Amino acid sequence: MTPSKPPRVRFAPSPTGNLHIGGARTALFNWLYARKHEGVFVVRVEDTDKERSLPEYEENILENLEWLGIDWDEGPQLTKNLELKTENELGKFGPYRQSERSEIYEKYAKKLIEEKHAYWCFCTKEEIEAMRQSQMTQGQPPKYSGRCRGVPTSEAEKRMSDGESAVLRFKMPEAKVSVNDMIRGKTVFDLSLSGDIVIARSLDDPLYNFAVVIDDSEMQITHVIRGEEHFSNTAKQVALIEALGFHVPHYAHMPLILNPDKTKMSKRFSDTAVSEYKKDGYLPEALFNFLALLGWHPSAEQSADENGEEREIFTKDELVKLFEIERVQKAGAVFNGQKLDWMNAQYIKSLSQKDLLVAIKNVSTIPDGLSESQIDRLLSFSMERMKKLTDFIELSDFFFELPDYEPKMLIWQDAPASVVAETLESVEKIISNVSDDSFNANRLLEVLSEISDRVGRGAVLWPLRVALSGKEASPGPFEIMDVLGKNETLSRIGVAIKKLGSIGGDLGL
RNA sequence: GCUCUCAUCGUCUAACGGCUAGGACGCCGCCCUUUCACGGCGGAAAUCGGAGUUCGAUUCUCCGUGGGAGCACCA
């Protein structure tokens with residue numbers, strides 16, 4: 001289904017927290033839809049909740065959107081300091097922050113009052129809450145009774161000027177609305193179940209449902225693509241849209257991202273902030289790819305490579321081409337961190353060493369002490385075992401400093417410590433005869449081949465590798481020696497021989 | 001409680017109403033390898049249940065069961 005005109009879509013986060021994985025995916029699908037159909041992607045900041053909205057959250061959201069490679073055509077721009085100025089915005093439908101759009105909301109609030117679609121309500125929160133409780137216990141759907149519906153506007157205005165506090169309610173029509181969702185199909189909602197909702201605390205202080213509808217209309221949004229948690233808001237919003245005389249946009253409600261226990265994704269099971277993933281060493285391309293495939297998938301034919309094999313690693317451009325919103329899954333998707341790790345590893349392996357080093361330096365501090373070329377070689381041994389950029393440090397820390405290890409780790413199978421020590425001594429001797437400038441992996445392999453063949457490869461190479469790395473799992477001994485250089489190599493072998501001496505000859509366990 | 005909604009391996013998913021229900025992650029085994037990882041090969045693993053429509057249902061309809069979301073002066 002291709003829209004007739006270029007679509008205008010939006011991501012409308014509320015700056016009450018950092019960019020959430022779920023939010024990132026919503027933004028991503030909006031972006032994919034806009035790019036696919038050559039439309040416009042708008043970011044609008046929904047900061048009508050003054051209590052909870054914070055500029056640093058807006059900053060975090062924008063920053064991480066950008067990090068993920070989700071660029072927007074209209075909306076607030078990232079500023080390096082915390083002064084988030086309207087003048088920096090992109091697009092002609094601004095301001096793109098709801099807190100700066102009060103006059104617009106006020107205009108429509110007045111219009112609704114004038115046309116008798118809205119009225120002032122003087123019921124207190126306590127009264128409403130009590131009503132709600134009794135309705136619930138009676139098995140009734142909780143909704144406002146409409147008690148203040150009859151208060152004439154003139155009387156309401158007088159009471160307010162006398163200091164009584166009031167909220168603006170929308171007269172919900174007794175009707176059914178039908179929503180045709182691009183993902184979920186047609187659904188009929190009964191508006192009489194929701195009652196007269198509060199749309200503003202005062203003329204210039206709108207609530208979510210009211211503000212969204214006005215902004216989407218003013219910003220000429222054609223397709224509203226958002227999370228499933230908004231699905232039941234849609235009916236109320238359509239009623240509001242009709243009262244205001246706006247056009248009803250197309251809707252698409254995305255399934256939720258779930259915890260392993262199938263509830264809405266939360267911090268209880270995994271990190272939820274995109275910035276955490278950035279910090280932990282995930283590549284934006286990997287997270288992008290992973291998120292795109294969470295709840296959506298191209299058809300088997302589309303995903304096949306030249307050999308007809310199905311694949312899951314796609315570039316952004318490929319995803320844009322392949323994306324079809326109709327193929328978005330209806331059921332929620334559990335967030336599978338292991339698969340993300342795998343995908344991240346794939347992307348790490350595809351990087352050039354130069355780019356990988358840059359990426360690693362963005363998230364970790366590489367200890368001093370090794371030359372550029374040594375680090376390059378280190379990278380080539382480590383990159384295929386890294387799942388995250390931050391793994392590099394753990395994987396290669398033994399190059400910078402030999403960790404303390406148990407002497408018995410040096411023992412190959414059940415060889416006596418004295419024999420292992422002898423072998424290492426022979427190796428030490430052979431290595432010390434290699435000149436400094438020919439001290440490289442190939443040459444070392446050559447000079448050690450005789451003793452390995454004679455004594456056994458495992459018997460020579462296992463203790464040697466442990467001596468060099470202090471670890472059970474590490475790159476091969478020749479590669480390590482190559483990076484370490486002759487002096488450090490010999491010194492580490494010396495340490496090992498000393499350790500073996502401490503065991504004594506009879507540890508045949 | 002009320003409204004809406006969803007249902008294929010453990011997880012993400014593929015499959016004009018028609019094959020032994022395919023792939024990926026993870027898991028297991030084998031190979032490669034001094035170790036770990038990478039890589040290669042192989043394996044276990046799913047259509048929630050019951051009716052109906054049909055020559056034939058994973059696919060269409062209904063019921064049931066189970067899950068989820070929403071029901072604010074939050075968004």
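Being a predicted model, the structure only gives us computed values, none of them experimental. Atom set for the values below is all heavy atoms of this structure, side chains included, hydrogens, waters and symmetry mates excluded. Each chain gets a letter, A, B and so on, in the order its sequence line appears, and its residues count up from 1.
At whole-Å resolution of the value, CG in A:D261 and P in B:G67 are 12 Å apart. In this structure, A:K236 places its NZ atom 10 Å from C1' of B:U3, rounding to the nearest Å. The distance between atom CG of A:D391 and atom C1' of B:A37, rounded to the nearest whole Å, is 11 Å. Nucleotide B:U13 holds its C1' atom 7 Å from the CD atom of A:Q329, rounded to whole Å. Whole-Å rounding puts the A:R311 CZ to B:U13 C1' distance at 16 Å. Between the CE atom of A:M254 and the C1' atom of B:A69 there is a distance of 15 Å, rounded to whole Å. For the pair A:Y57 OH and B:C74 P, the interatomic distance rounds to 18 Å; values are reported in whole Å. Rounded to whole Å, atom P of B:C38 lies 12 Å from atom CG of A:D341.
In the set B:U13, B:U35, B:G1, B:G1 carries the atom at the smallest distance from any side-chain atom of A:P142. Proximity note for A:E46 (side chain, C-beta onward) versus B:A75, B:U5, B:A15: the nearest is B:A75. The side chain of A:P477 sits closest to B:U34 out of B:G39, B:A69, B:U34. Between B:A69, B:C6, B:C12, one nucleotide has an atom nearer to the side chain of A:K330 than all others, and that is B:C6. Distance from the side chain of A:F231 is smallest to B:C4 among B:G39, B:C4, B:C25. The nucleotide whose nearest atom lies closest to any side-chain atom of A:E229 is, among B:A69, B:G39, B:C73, B:A69. Residue A:K262 places its side chain closer to B:G67 than to any other of B:U34, B:G67, B:G23. Closest to the A:E228 side chain, of the nucleotides B:G39, B:A69, B:U11, is B:A69. Nearest to the side chain of A:W412, among B:C25, B:C38, B:U34, sits B:U34. Minimum atom distance to the side chain of A:R184 is reached by B:C6, of the listed B:U35, B:A75, B:C6.
B:U8 and B:G49 have their P atoms separated by 11 Å, given to the nearest Å. B:A24 sits 15 Å from B:A46 when the C1' atoms are compared, rounded to a whole Å. Going from the C1' atom of B:C38 to that of B:U58 covers 37 Å, rounded to whole Å. Distance check on atom P: B:C55 versus B:G40 gives 48 Å, rounded to whole Å. When the C1' atom is compared between B:C30 and B:C16, the two are found 40 Å apart, to the nearest whole Å. Comparing B:G29 with B:A21, their P atoms sit 27 Å apart, to the nearest whole Å. When the P atom is compared between B:G1 and B:C19, the two are found 42 Å apart, to the nearest whole Å. Nucleotides B:U53 and B:C62, compared at atom C1', are 11 Å apart to the nearest Å.
In this structure B:G10 sits in a base pair with B:C25, meeting the Watson-Crick or G-U test at under 3.5 Å. The partner of B:G56 cannot be assigned: no Watson-Crick or G-U wobble pair with both contacts below 3.5 Å exists in any strand. Across all strands shown, B:G49 forms a Watson-Crick or G-U wobble pair, both distances under 3.5 Å, with B:C63. Nucleotide B:U35 has no partner under the Watson-Crick or G-U criteria, as no pair reaches both atom distances under 3.5 Å. Nucleotide B:A69: paired with B:U3 (Watson-Crick or G-U wobble, both distances less than 3.5 Å).
Summarising the geometry, atom CG belonging to A:L484 is positioned 4.5 Å from atom CZ belonging to A:R492; distances are rounded to the nearest 0.5 Å. Separating the CZ atom in A:F400 from the CD1 atom in A:I375 is a distance of 5.5 Å, to the nearest 0.5 Å. Between atom OG of residue A:S449 and atom CG of residue A:L444 there is a gap of 11.5 Å, rounded to the nearest 0.5 Å.
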key: Check against ring-ring contact (aromatic ring centres under 6.0 Å, His included), A:F323 and A:F29   = CA-CA 9 Å; A:F323 186 69; A:F29 280 50; 5.5 Å; yes

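Between A:P76 and A:E58, the shortest heavy-atom distance links the atoms CB-OE2, 4.0 Å.
Contact annotation for A:D49: backbone-only contact, meaning every heavy-atom pair under 4.0 Å involves sugar-phosphate atoms and none involves a base. Residue contacts shown for A:L464 are absent, as no nucleic acid heavy atom lies under 4.0 Å away. Residue A:D205 is classed as having no contact, given no heavy-atom separation below 4.0 Å to the nucleic acid. Using a 4.0 Å heavy-atom criterion, one finds that A:T187 contacts the sugar-phosphate atoms exclusively. Counting non-hydrogen atoms under 4.0 angstrom, A:H253 reaches nothing in the nucleic acid. Residue contacts for A:R465: at a heavy-atom cut-off of 4.0 Å it reaches a base atom on one of the strands shown. Counting any heavy atom pair closer than 4.0 Å across all strands shown, A:V167 reaches a base atom. Using a 4.0 Å heavy-atom criterion, one finds that A:K471 contacts no nucleic acid atom at all. No engagement by A:G456 is indicated, since no non-hydrogen atom pair under 4.0 Å with the nucleic acid exists. Among the heavy atoms of the strands, none lies under 4.0 Å from A:K143.
Between A:E384 and A:H297, the one whose closest nucleotide on RNA chain B sits nearer the 5' end is A:H297. With the nearest nucleotide of RNA chain B identified for both A:A473 and A:A331, A:A331 has the one nearer the 5' end.
Put simply, A:R327 has a side-chain N or O that comes within less than 4.0 Å of OP1 or OP2 on B:A14. For B:A75, the OP1/OP2 oxygens have a side-chain nitrogen or oxygen of A:T48 closer than 4.0 Å. For the pair A:S303 and B:G23, the criterion of a side-chain N or O lying under 4.0 Å from OP1 or OP2 is not met. Regarding contacts with the backbone of B:C25, a side-chain N or O of A:W342 is found under 4.0 angstrom from either OP1 or OP2. One finds a side-chain N or O of A:R201 lying less than 4.0 angstrom from the OP1 or OP2 phosphate oxygen of B:C74.
Ring-centre distance between A:F290 and A:F335: below the 6.0 Å cut-off.
For the pair A:L283 and A:L389, the minimum side-chain heavy-atom distance is below 4.5 Å.
Cation-pi geometry between A:K499 and A:Y405 is met: the NZ or CZ atom falls under 6.0 Å from the ring centre, inside 45° of the normal.
The base of B:G23 lies close enough to the side chain of A:E312 for a donor and an acceptor atom to sit less than 3.5 Å apart.
Ring planes of A:Y282 and A:Y277: tilted class, angle from 30 to 60°.
Counting only N and O atoms by type, the side chains of A:Y108 and A:E218 include a donor and acceptor under 3.5 Å apart.
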